[in-house]
Amino acid sequence: MFEGHDTTASGISWLLYCLASHPEHQARCREEIQGILGHRETLQWEDLGKMTYSTMCIRESLRLYPPVPGVSRQLSKPITFPDGRTLPEVLCSLTNCFFLLRILHLQVFDPLRFSPENISGRHSHAFLPFSAGMRNCIGQQFAMNEMKVALALTLLRFELSPDPTKPPCKIPHIILRSKNGIHLYLKKVR
Ligand code: HEM
């Protein structure tokens, strides 16, 4: 169940963990969602586009905890780089998004990395949770919307905090999981 199921489950789980671990960002997302919904308890399609801060948090969570830690490709023909070095056709090249995303940036949860001004000069391939090119994720918009809905409906009802006795232990298999699960406490908001 790679496409569209385990990926989204992983994305939502790590997102909730990130926000549980960063109450200040969790509160800001909740305020944003409450401001958009007012007295409503369900989301409308138009609401999703207004979740600016929550979207930045989702992207930051995908950067630190990419549900697909790596993708592999087989070259259909050899490539020669400008400096003369070549990659042969048979080589299966692996882009380790997990490595890439974590090494190129600080390992601190900072949603403002994805503010409009901060992303304006950034290369489009600097952030690759959904891969890129011809075989990128066809469900990425759907996945982002699923994550927004799950986040909004959860934060409207619950305050999240991590269980300090059971920190998650990441295992970057095909899908990024936690070996021991992700344990959070939920407290009713109202
Ligand atoms: C957070 C959620 C998701 C993440 C991080 C994610 C990530 C990815 C990545 C990295 C790839 C490329 C894999 C590769 O080339 O080896 C991919 C492919 C794909 N994804 Fe997603 N995905 C997510 C959700 C979804 C959803 C919700 C759907 C469908 C509704 C979906 C459908 C697909 C399909 C069909 C492919 C194969 C595309 C192709 O080979 O042309 N994904 N996804």
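The structure displayed is predicted, hence computed values, not measured ones. Start at 1 and go down the list; that is how both ligands and their atoms are numbered. Starting from 1, each residue takes its place in the sequence as its number.
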A.B. asks: With heavy atoms of Gly139 as the reference, note each atom of ligand 1 found under 4.0 Å away.
C.D. replies: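 Those qualifying, in numeric order: 26 (C), 27 (C), 28 (C), 29 (C), 31 (C), 32 (C).
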
A.B. asks: Only heavy atoms of Pro129, strictly under 4.0 Å: list the atoms of ligand 1 that pass.
C.D. replies: 5 (C), 7 (C), 10 (C)

A.B. asks: Short list, please: which atoms of ligand 1 are under 4.0 Å from a heavy atom of Ser131?
C.D. replies: 10 (C), 12 (C)

A.B. asks: Please could you name the atoms of ligand 1 that Arg73 approaches to less than 4.0 Å, counting only its heavy atoms?
C.D. replies: 14 (C), 15 (O), 16 (O)

A.B. asks: Looking at Val68, which atoms of ligand 1 are within less than 4.0 Å of one of its heavy atoms?
C.D. replies: 7 (C), 8 (C), 10 (C)

A.B. asks: Any atoms of ligand 1 less than 4.0 Å from a non-hydrogen atom of Asn136? List them with their elements.
C.D. replies: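 Per the distance check, 38 (C).
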
A.B. asks: For Leu155, does its backbone N or O pair with a side-chain atom of Arg30 as donor and acceptor, under 3.5 Å?
C.D. replies: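 Yes: the side chain of Arg30 pairs with the backbone of Leu155.
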
A.B. asks: Does anything in residues 31-58 form a salt bridge (charged side-chain N to carboxylate O under 4.0 Å, His left out)? List the pairs, not counting sequence neighbours.
C.D. replies: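 Output for this query lists Arg40-Asp47.
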
A.B. asks: Between the side chain of Ser131 and the main-chain N/O of Cys137, is any donor-acceptor distance below 3.5 Å?
C.D. replies: no

A.B. asks: Would the distance check show the side chain of Lys148 and the main-chain N or O of Leu48 forming a donor-acceptor pair, the cut-off being under 3.5 Å?
C.D. replies: yes

A.B. asks: Numbering the atoms of ligand 1 from 1, which are under 4.0 Å from a heavy atom of Phe142?
C.D. replies: 27 (C), 30 (C)

A.B. asks: Can a cation-pi geometry be assigned to Arg63 and Phe114, taking NZ or CZ under 6.0 Å from the six-membered ring centre and within 45° of the ring axis?
C.D. replies: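 Here Arg63 fails the 6.0 Å and 45° test against Phe114.
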
A.B. asks: Under a heavy-atom criterion of less than 4.0 Å, does Glu146 contact ligand 1?
C.D. replies: yes

A.B. asks: For residues 15-25, which side-chain donor-acceptor pairs fall under 3.5 Å, sequence neighbours excluded?
C.D. replies:
from: Ser21; atom 1: OG; to: Tyr17; atom 2: O; distance (Å): 2.8
from: His22; atom 1: ND1; to: Cys18; atom 2: O; distance (Å): 2.8
from: His25; atom 1: ND1; to: Tyr53; atom 2: OH; distance (Å): 2.7

A.B. asks: Is there a polar contact between ligand 1 and Arg135, counting only N or O atoms under 3.5 Å apart?
C.D. replies: yes

A.B. asks: Can you list the ligand 1 atoms lying under 4.0 Å from a non-hydrogen atom of Pro67?
C.D. replies: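 In order of numbering, the contacting atoms are 5 (C).
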
A.B. asks: Could you tell me whether a side-chain N or O of Asp163 sits under 3.5 Å from a main-chain N or O of Tyr185, the two making a donor and an acceptor?
C.D. replies: no

